[in-house]
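Notes for the one structure printed next.
Computed from a prediction, not measured in an experiment: that's the story for all the values here. Each ligand, and each atom within it, is numbered from 1 in the order the structure gives.
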Amino acid sequence: MTKNYIAGEWLAASEASPNINPSNTNDVLGEFARASAAEAERAIAAAYDAFPAWSRSSIQQRHDILKTVGDEILARKEELGRLLSREEGKTLPEGIGEVTRAAQIFHFFAGECLRMAGEKVASVRPFIDVEITREPVGVVGLITPWNFPIAIPAWKIAPALAYGNTVVFKPAELVPGSAHALSEIIIRAGVPAGVFNLVMGKGSVVGEAMLQSPKVSAISFTGSVPTGRRVAQTCITADPMKKVQLEMGGKNPMVVLDDADLKVAVDCAVNSAFFSTGQRCTASSRLIVTEGIHDRFVAAMQERMQGLVVDDALKSGTHIGPVVDQGQLDQDLKYIRIGQEEGAKLVAGGELLKRDAPGFYLAPALFTEVSNRMRVAQEEIFGPVATVIRARDYDEALEIANDTPFGLSSGICTTSLKYASHFKRNAEAGMVMVNLPTAGVDYHVPFGGRKGSSYGPREQGRYAQEFYTTVKTAYTFDGNGPYVPKTKASE
Ligand SMILES: NC(=O)C1=CN([C@@H]2O[C@H](COP(=O)(O)OP(=O)(O)OC[C@H]3O[C@@H](n4cnc5c(N)ncnc54)[C@H](OP(=O)(O)O)[C@@H]3O)[C@@H](O)[C@H]2O)C=CC1
Ligand SMILES: O=C(O)CCC(=O)C(=O)O
């Protein structure tokens, strides 16, 4: 595990770092590789050299490899789910669910390999055909976060390989175990040497090496806004410029209207705000609730939160696992203090919890009397901390929902078709949910947002080809008649 996979070989890294279970910090999952910039450059060179052959490989070969990867992930979903939950802290059902989703993503893109199509169109000139095709981009650098350690790598690696690119994969340092296990499966499925490279290490070293290398043509990044901005700036000012795709934060609103089914609204809010310990970019931490249901909603939330079990991610019966690490816990606690200082009322949770083993346990927190101008209502916390914002009516709720620098996901709970339809059209977000949690998306449709949440083409589903391919338009004069210059043709 202290090795990276570079140019078809597992190579010992110059350094290693421990992988710690956030449910029990005495439990060390192992030591994992921490690559140097030189090791990253070696992986990039290998991917660059492997590109010409892989970009022309048969779609059958690519299909078979991706299908085999999906099959093995699915066959081992319990074991991989356990590993994921142990290193990241989401509950075992969430971990197994994520692993299953990763398998489905590989299966989906295996199918996409066989559906690659271009267009043949008539030219405006006689005896000329125009063909529009898609070609792979080259070496793609994939930089992934810790909160979906298998699914996010899957939804970047699978389309990258399917469309004929070669890959350098840099997972987040906090979750090397899942990255290592996924990489072993990809390698076992038969990717040729150099086509797929795993480089575990620090973002500031390995990530930077990818950003600086002229051999990398495109970067797909998921993570925080500050790092995302830096990635984009570097890609755009690089020579040659790189294609870039960013998925960053969210401060997703969930509107609850007077006519909502209270049980549905509370289910959606608890899931959106607290499941996966609130560590989802699609989590909702802004619950915007209209006057007529506000007090009943808050009371029902408080009651429901009393029954939430926060404990070891692997224990059966746990609803919410620990926060991922001390740094994230400090951030959550900092925002709980900020909320109190800003005058919001903490009506549930927010305290550290002791469990059988030392871990990062935080009781999910709910604030009321929140104004949308408060920092807790505007800044991404990325933990189990939710705010309730009171709205006069639907119009004000929509205005508040859209009043954020982010635009990833947006939800509404209502039994009114009129308001649901209006919200779907007017929510300034890439994804809109009606009577559903803001988090938990399908794997075969586009994923991404607007404003400060995303940049570049969407991920997932067929839309992934926008990023992982580049369009070529080819003109052929067939010689069956006289060549007619463009100027004449348009006369
Ligand atoms: N939109 C989303 O899905 C996610 C959003 N976040 C947000 O980000 C915050 C911090 O999480 P964190 O994981 O630290 O997010 P980061 O943005 O720091 O990390 C995301 C990835 O980028 C890498 N990275 C860090 N610095 C650089 C760099 N200079 N160049 C290239 N790559 C780099 C990281 O490497 P490494 O960490 O290994 O050094 C990691 O693989 C969270 O609190 C949350 O607000 C976090 C996760 C997912
Ligand atoms: O909500 C989901 O299903 C996906 C969330 C996600 O991708 C993220 O938090 O990074």
Side-chain angles (χ1 to χ4, degrees), residues 17 19 32-35 37 40 88 90 94 97-98 101-102 104-105 141-156 168-176 179 199-213 216 219-235 242 244 246-252 271-272 275-285 323-325 327-332 334-335 379-383 385 406 408-409 411 430-431 433 436-443 445 447-449 452-455 459-460:
S17 62
N19 184 12
F32 284 85
R34 183 179 268 178
E88 196 271 349
K90 62 181 64 172
E94 288 171 336
E98 182 181 334
R101 177 166 162 181
Q104 289 163 333
I105 290 166
L142 308 179
I143 303 178
T144 58
W146 46 263
N147 65 330
F148 279 81
I150 288 204
I152 293 180
W155 78 55
K156 294 185 193 294
V168 180
F169 168 39
K170 193 225 105 46
E173 270 235 292
L174 282 177
V175 287
V199 192
M200 294 183 280
K202 284 186 175 174
S204 53
V205 177
V206 176
E208 280 297 327
M210 284 162 41
L211 298 181
Q212 299 304 336
S213 173
V216 175
I219 298 278
S220 179
F221 166 88
T222 303
S224 65
V225 175
T227 311
R229 275 189 192 282
R230 158 143 189 72
V231 167
Q233 276 160 1
T234 313
C235 288
K242 297 187 201 315
V244 61
L246 309 176
E247 290 301 341
M248 301 172 288
K251 192 72 188 173
N252 308 295
N271 180 320
S272 304
F275 285 4
S276 301
T277 324
Q279 297 172 156
R280 296 185 284 195
C281 55
T282 45
S284 175
S285 50
V323 172
V324 71
D325 73 346
Q328 185 62 50
L329 182 62
D330 290 345
Q331 171 155 313
D332 298 346
K334 180 185 90 181
Y335 274 102
E379 295 173 17
E380 186 177 50
I381 301 171
F382 222 64
V385 182
F406 295 104
L408 187 59
S409 180
M431 296 173 291
M433 312 290 182
L436 285 168
T438 53
V441 299
D442 283 3
Y443 64 86
V445 289
F447 176 88
S453 290
S454 304
Y455 181 80
E459 299 202 78
Q460 302 198 56

Worksheet item: Under the 3.5 angstrom rule, does the side chain of Thr282 hit a backbone N or O of Ser409 as a donor-acceptor pair?
Response: no

Item to complete: Could you tell me the residue and atom name of the protein heavy atom closest to atom 43 (O) of ligand 1, and the distance to it rounded to 0.1 Å?
Response: Gln328 OE1, 2.9 Å

Worksheet item: Going by the order shown, which atoms of ligand 1 are within less than 4.0 Å of some heavy atom of Ala172?
Response: 38 (O), 41 (O)

Worksheet item: Could you state the interatomic distance from CD1 (Ile381) to CD (Gln279), rounded to the nearest 0.5 Å?
Response: 12.5 Å

Practice prompt. Decide whether the shortest distance between a heavy atom of Phe148 and an atom of ligand 1 is less than 4.0 Å.
Written response: no

Worksheet item: Side-chain contact, heavy-atom cut-off 4.5 Å: Glu247 with Ile152?
Response: no

Worksheet, complete the sentence: Rounding to 0.5 Å, atoms CD1 (Ile143) and CG (Leu211) come to a distance of 5.0 Å

Worksheet item: Heavy atoms, side chains only, cut-off 4.5 Å: are Arg230 and Thr234 in contact?
Response: yes

Discussion item. Is any side-chain heavy atom of Asn147 closer than 4.5 Å to one of Val324?
Written reply: no

Worksheet item: Does the N or O separation between Lys170 and ligand 1 drop below 3.5 Å for any pair?
Response: yes

Practice prompt. With heavy atoms of Pro145 as the reference, note each atom of ligand 1 found under 4.0 Å away.
Written response: 47 (C), 48 (C)

Worksheet item: Where is the nearest protein heavy atom to atom 45 (O) of ligand 1: which residue, which atom, and how far?
Response: Glu380 OE1, 2.9 Å

Worksheet item: Can you name the residues that form a side-chain hydrogen bond (donor to acceptor under 3.5 Å, both in side chains) with Arg34, not counting sequence neighbours?
Response: Glu173

Worksheet item: Between Ile152 and ligand 1, is there a nitrogen or oxygen pair with a distance under 3.5 Å?
Response: no

Worksheet item: Going by heavy atoms in the side chains, are Lys156 and Ile105 under 4.5 Å from each other?
Response: no

Worksheet item: Of all the atoms in ligand 1, which lie at a distance below 4.0 Å from a heavy atom belonging to Ile143?
Response: 21 (C), 22 (O), 23 (C), 31 (C), 32 (N), 41 (O)

Worksheet item: Which residue from Val206, Thr227, Ile219 reaches closest to atom 27 (C) of ligand 1 through any of its heavy atoms?
Response: Thr227

Worksheet entry | Counterpart residues, side-chain hydrogen bond (donor to acceptor under 3.5 Å, both in side chains), relative to Lys251 (two or more places apart) | Ser285

Worksheet item: Below 4.5 Å, heavy atoms only, C-beta onward: do Thr222 and Glu459 meet side chain to side chain?
Response: yes

Practice prompt. Write down, by chain and number, every protein residue that brings a non-hydrogen atom to less than 4.0 Å from an atom of ligand 2.
Written response: Arg101, Asn147, Phe148, Ile152, Trp155, Arg280, Cys281, Thr282, Ala439, Gly440, Val441, Phe447

Item to complete: Give the contacting part of Met210 toward ligand 1: side chain, backbone, both or neither, where contact means a heavy-atom distance below 4.0 Å.
Response: neither

Worksheet item: Going by the angle between their ring planes, with limits at 30° and 60°, are Phe447 and Trp155 parallel, tilted or perpendicular?
Response: tilted

Practice prompt. Show which atoms of ligand 1 fall inside a sub-4.0 Å distance from at least one heavy-atom site of Gln331.
Written response: 43 (O)

Worksheet item: Between Asn19 and Val175, is there a donor-acceptor pair closer than 3.5 Å when you use the side chain of the first and the backbone of the second?
Response: no

Discussion item. Keeping Ser453 on the side-chain end and Met248 on the backbone end, is there a donor-acceptor pair under 3.5 Å?
Written reply: no

Worksheet item: Can you find a heavy atom in the side chain of Phe221 that is under 4.5 Å from one in the side chain of Val244?
Response: no

Fill in: Top protein contact for atom 28 (C) of ligand 1, by heavy-atom distance
Gly203 O, 3.5 Å

Worksheet entry | For atom 44 (C) of ligand 1, closest protein heavy-atom neighbour | Phe382 CG, 3.3 Å

Worksheet item: Looking only at distance, does Thr222 have an N or O less than 3.5 Å from an N or O of ligand 1?
Response: no

Worksheet entry | Partners passing side-chain hydrogen bond (donor to acceptor under 3.5 Å, both in side chains) against Asp442 (at least two apart in sequence or in another chain) | none

Fill in: Numbered atoms and elements of ligand 1 in range of Lys202, under 4.0 angstrom, heavy atoms
39 (O)

Worksheet item: Starting from atom 29 (N) of ligand 1, which protein heavy atom do you reach first, and at what distance in Å?
Response: Glu208 OE2, 3.0 Å

Discussion item. In the complex you have, is atom 19 (O) of ligand 1 within reach of the protein, judged by whether a heavy-atom distance drops under 4.0 Å?
Written reply: no

Worksheet, complete the sentence: among protein heavy atoms, the one nearest atom 11 (O) of ligand 1 is Trp146 NE1, 3.5 Å

Response to the item:
Among Gly223, Gly327, Cys281, Pro176, closest by heavy atom to atom 5 (C) of ligand 1 is Gly223

Practice prompt. Please examine the side chains of Met431 and Leu408, heavy atoms only from C-beta on, and report whether any two atoms are closer than 4.5 Å.
Written response: yes

Practice prompt. Around atom 16 (P) of ligand 1, find the nearest protein heavy atom and jot down its residue, atom name and distance.
Written response: Ser224 OG, 3.5 Å

Worksheet item: Less than 3.5 Å between some nitrogen or oxygen of Met248 and one of ligand 1, yes or no?
Response: yes

Item to complete: Name the closest protein heavy atom to atom 41 (O) of ligand 1, giving the residue it belongs to and the distance to 0.1 Å.
Response: Thr144 O, 2.7 Å

Discussion item. Are Val206 and Met200 packed together at the side-chain level, in the sense that at least one heavy-atom pair is separated by less than 4.5 angstrom?
Written reply: no

